[in-house]
Amino acid sequence: MSKIRRKMRLLLFLLICQCATNSVKAYSASSPSVILLMADDLGIGDLGCYGNRTLRTPNIDRLAEEGVTLTHHIAASPLCTPSRAAFLTGRYPIRSGKWHLGMNCEISNDFCHHPLSHGFDYFYGLTVTNLRDCKPGQGSVFLKGVQKSLVIPLQITGITLVSLAVVHYIGLLRVPFRALGYCFLIATISLVVLIFFFYHFRHLNCFLMRDHQIIQQPLSYENLTQRLTKEAVQFIERNTDARFLLVLSYLHVHTALYASKNFKGKSKHGLYGDAVEEMDWSVGQILDVLDKYNLSDKTLVYFTSDQGAHVEEISSSGEVHGGYNGIYKGGKATNWEGGIRVPGLLRWPGMIQAGAYLDEPTSNMDIFPTVVKLAEAQLPSDRIIDGHDLMPLLQGKVTQSNHEFLFHYCNAYLNAVRWHPRNSESVWKVFFFTPNFSPEDSNGCYDSHVCFCHGRFITWHDPPLLFDLSMDPEEKVPLTPKTERRFYEILSVIHLAIENHTRSLHAVPNQLSWDNLLWKPWLQLCCSSLLQSCYCDHDS
């Protein structure tokens, strides 16, 4: 009888184990953990899995080998604003790296735009972008912008003073020269004080935060990637028994470029290549810790970039600091394919086919609805969501992307539209205006350092330029009514789509307005006081 009982107990134990195993499989299959890895200004041609043979990116390439490579993946347009998009909300414990979506609204500690106000439980990183101002010897983007903004007021002041002097001289109006002198003196002192302030405190926006606290100001680049990676790895180690969302936004390879001691001078492409290879090391650390705790099969990993390489980036010493966009034209700040076609790699072993390539139009806006669906949550119903769930496409349940139209903006201006008709291999793209490259025969706006979206910096096209990207991905030869018999029919369909699209838009406040930058100085964060030069270091 005891033998039978022992056998029964053993059978019951095995059944419990089997049920537990089945429940784990069902959990991991339906609701994985998610790791989102976002590079900054990384060219699609910078990675080995997209054809590069001179940079070492074995860890990022491993994502391609073990997952799906998206070859027609498009960076999110400026429509990704609160009027159209939604933040990842719910219980998501960490975000590491760059937030890039603002900080305060009315006072210096309301933190209305902070990650912790949008569903995240923990934040370590930068709330603004990586600027040249933050690295000594790299120049000042912010100071340059301030100087440009002062040109018109200075011109008006100068013209006014000269006009008053002329009017006084010819006797039309008596203007006390002492008053003119005072006005000139006040204008000069104000200008000197303003330029001195912005020059001396140009590192104000260069700070590192943990949650709501500034822990380093100005920011130190020394071992910064290692610090960001360490935070991410430790977070994963603390959550091996729970599903999680980890968002790691790299500073690489936005300028100011930097690389740690172990990577500096090691690549074939200068500091830019060093930065790419250091980022690849960080990706490897993330994948290694997933393997160590048997989390790889339970985790969806997504790697992308926010836009194409900044081809005009050249250091003061003449070293190329911009990356490579492969066969594609243009780069960052343009809607040529080199500016918006970005890496897109997704890995989820056992759930996504390994080594697959998808050439359907997708967007990094798609990751939001994909994650929401995997988390078994609901998409917001109070706005249009521009992205689509990627899983049916990644798992081969459908063969065509849900993106029939993609709208590409240059700042606030609708610049181009992409149309992928149902049951067609063609991907049509129209340009309403294009940037004027300088020099004219180059592949970028080198004279102005970046391409602009207005005035003399662009050329309008009537009729618009039309390309079939399935036949001409390099955008070399625009089609005409003579070379494409459906030319006007295609334009008609696209114009109708634009009408429907623009009716769905709502204006949102501009966080980067000069009103906020110049007339709301109390919104500026400072970890000590101006007398102490806003200096602190709690991270070293």
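Basis for what follows: all heavy atoms, side chains included, without hydrogens, waters or symmetry-related copies.
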Kindly determine whether T54 and N52 satisfy side-chain hydrogen bond (donor to acceptor under 3.5 Å, both in side chains), including the steps that lead there.
-> CA-CA 6 Å; T54 57; N52 194 301; 3.1 Å; yes

So, [X] versus [Y]: side-chain donor-acceptor pair below 3.5 Å or not?
X: Y302; Y: R347; result: no
X: R243; Y: S33; result: no
X: N335; Y: N415; result: yes
X: T225; Y: Y250; result: no
X: Y122; Y: E231; result: yes
X: E278; Y: H252; result: yes
X: T370; Y: D366; result: no
X: R210; Y: Y124; result: no

Would you kindly say whether the two SG atoms, from C527 and from C534, are closer than 2.5 Å?
no

With a 4.5 Å heavy-atom cut-off, do [X] and [Y] have their side chains touching?
X: D211; Y: P115; answer: no
X: W336; Y: P435; answer: yes
X: L219; Y: L126; answer: yes
X: Y324; Y: V311; answer: no
X: C445; Y: F452; answer: no
X: S438; Y: F457; answer: no
X: I340; Y: Q307; answer: no
X: L374; Y: W348; answer: yes

With [X] as reference, evaluate [options] under the side-chain contact (heavy atoms from CB on, under 4.5 Å) test and give the passing residue.
X: N130; options: T255, L251, L257; value: L251
X: I35; options: L295, L300, L290; value: L290
X: W281; options: M279, E277, Q285; value: Q285

### Task
Mark yes or no for whether N239, through its side chain, and I236, through its backbone, hold a donor-acceptor pair below 3.5 Å.
no

Does T334 reach the main-chain N or O of G331 with its side chain, forming a donor-acceptor pair under 3.5 Å? yes

Sequence neighbours excluded, the answer for side-chain hydrogen bond (donor to acceptor under 3.5 Å, both in side chains) partners of Q524 is N205

If the threshold is 4.0 Å, N to carboxylate O, is there a salt bridge linking [X] and [Y]?
X: D41; Y: K332; value: yes
X: E222; Y: K261; value: no
X: R62; Y: D291; value: yes
X: R227; Y: D539; value: yes

- Can I107 and D110 be said to form a side chain to side chain contact (heavy atoms under 4.5 Å, CB included), step by step? CA-CA 6 Å; I107 57 176; D110 62 30; 3.7 Å; yes

Quick check: H321 with Y272 (ring centres under 6.0 Å apart)?
no

